[in-house]
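Inspection log for the structure reproduced underneath, given as structure tokens.
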Amino acid sequence: MYTAAGQPDREQLVQRFVPLVKRIAYHLMARLPASVQFDDLVQNGMLGLLDAMERYQEGFGAQFETYATQRVRGAMLDGLRENDWLPRNLRRELRRIEAAISQLEHTHGRAPSERELAEALEMSLEDYQKTLHEARGHQLVYFDDFAGDGEEGFLERHFTDNDADPANILEDKKVKETLVAAISRLPERERLMMALYYEQELNLREIGEVMGVTESRVCQLHSQAIARLRSQVIGELPAAKKRRKEKASG
């Protein structure tokens, strides 16, 4: 990996870490809408890799791979932030789904099925699942929730003072407890999918092979699981803000 002069051989280093960039891109694709191209993620990730090589000074072993992973993922996210990667009309549909989940869970005391959600939303099951598939990119908190332009976002409606830092609120212990409890209440298949994706770090194809379903179905399950978790966690955020204010004043 070094030249005759003892300097790092950039070309060989790039070739060595290209699989890392592609692995991160594959993993990130499950969180992104279908309009995002894999090659665009890889291109941005390569910029992050080159930046990591420029900044890192202590060799290119395991520690560098950890550092490079952060820089590559960050470069991919920076590229996504430059575009409106989740259209507002789809975002509204997802909030409708979250509201329906919350209402049905309150009514029945359990997680609603896909068919029950489709009926509550007056959609066919096929259209509901299509919305889930298009919803790749649906996160526990949207970037746009922090600052909407033209449309008031959730955090704008509920956190109006300048001292409320949403990132800090999300670190609140009760919010974490709410999230853990919400994950435990997910239907078994969705809980398995989340474990394979977030704990085992498998990509969509690998998860599909384990679960015996298509990549498209994995996307649907992921979007639905995230919607269920958001419906639980978002309801806890105002209480988290109140606790932080009480702690600060006390």
Side-chain angles (χ1 to χ4, degrees), residues 24-36 73 77 80 85-87 90-121 123-145 154 170 174-237:
I24 295 170
Y26 274 122
H27 194 251
L28 194 58
M29 283 296 290
R31 310 184 201 180
L32 302 173
S35 59
V36 176
R73 185 179 288 112
L77 293 175
L80 291 167
W85 50 280
L86 191 62
L90 180 57
R91 203 160 303 198
R92 284 192 293 268
E93 284 298 294
L94 292 168
R95 287 182 174 130
R96 284 185 64 225
I97 292 173
E98 291 162 15
I101 289 172
S102 181
Q103 180 179 352
L104 290 174
E105 284 185 343
H106 179 75
T107 300
H108 301 301
R110 58 171 174 78
S113 68
E114 286 179 279
R115 191 169 297 278
E116 288 172 330
L117 284 166
E119 290 175 356
L121 294 163
M123 302 168 67
S124 68
L125 181 60
E126 182 180 0
D127 286 343
Y128 174 71
Q129 291 179 337
K130 180 181 178 182
T131 301
L132 291 177
H133 181 70
E134 292 174 347
R136 290 162 57 173
H138 187 216
Q139 302 298 308
L140 288 177
V141 175
Y142 303 114
F143 286 112
D144 283 2
D145 279 338
F154 176 88
L170 289 175
K174 289 293 291 183
V175 174
K176 291 183 179 180
E177 292 174 352
T178 298
L179 178 58
V180 170
I183 292 172
S184 70
R185 290 194 296 270
L186 287 174
E188 183 177 355
R189 294 185 78 205
E190 292 176 28
R191 194 163 62 247
L192 171 61
M193 180 278 305
M194 295 290 276
L196 293 173
Y197 183 76
Y198 290 101
E199 295 179 16
Q200 302 300 318
E201 296 189 345
L202 301 186
N203 60 40
L204 298 182
R205 178 184 56 78
E206 293 167 335
I207 293 173
E209 290 175 355
V210 171
M211 298 183 66
V213 298
T214 64
E215 289 187 38
S216 176
R217 183 57 179 155
V218 175
C219 288
Q220 293 171 5
L221 291 172
H222 181 268
S223 295
Q224 184 163 260
I226 292 297
R228 294 188 199 276
L229 297 179
R230 274 182 58 94
S231 71
Q232 299 289 322
V233 174
I234 292 299
E236 174 61 26
L237 292 181

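When a residue number appears, it is its place in the shown sequence, counting from 1. All heavy atoms count here, side chains included; hydrogens, waters and symmetry mates do not.
Counting only heavy atoms from C-beta outward, the side chains of R115 and E119 approach each other to under 4.5 Å. A heavy-atom distance below 4.5 Å is found between the side chains of R217 and R189. Side-chain contact between R230 and L94 is absent, with no heavy-atom pair separated by less than 4.5 Å. By the 4.5 Å heavy-atom criterion applied to side chains, Y198 and H222 are counted as neighbours.
Remark: the backbone N or O of I24 is not paired with any side-chain donor or acceptor of R73 at under 3.5 angstrom. The main-chain N or O of Q220 is never found under 3.5 Å from a side-chain atom of S223 such that the two would form a donor-acceptor pair. Side chain of E116 to backbone of S113: a donor-acceptor contact under 3.5 angstrom is found.
For the pair A225 and L186, the tightest heavy-atom approach, listed with the atom from each and the gap, is O-CD2, 4.0 Å. When all heavy atoms of E114 and L132 are compared, the closest pair comes out as OE2-CD1, 3.9 Å. In terms of heavy-atom proximity, A120 sits nearest to L104 at CB-CD1, 4.0 Å.
For E105 and Q232, the side-chain atoms include at least one donor-acceptor pair closer than 3.5 Å.
Between the CE atom of M193 and the CD1 atom of I207 there is a distance of 7.0 Å, given to the nearest 0.5 Å. Rounding to the nearest 0.5 Å gives a distance of 10.0 Å between OG1 of T214 and CG of L204. Going from atom CG of L117 over to atom CD of Q129 covers 11.0 Å, rounded to the nearest 0.5 Å. Remark: I226 CD1 to I97 CD1 distance equals 13.0 Å, nearest 0.5 Å. Note that CE of M194 is 11.0 Å distant from CZ of R228, once rounded to the nearest 0.5 Å. The CZ atom of R185 lies 13.5 Å from the CD atom of E190; values are rounded to the nearest 0.5 Å.
Using a 4.0 Å cut-off between a side-chain N of Lys or Arg and a carboxylate O of Asp or Glu, E98 and R95 do not qualify as a salt bridge. Between R205 and E209, at least one side-chain nitrogen of the basic residue sits less than 4.0 Å from a carboxylate oxygen of the acidic one, meeting the salt-bridge criterion.
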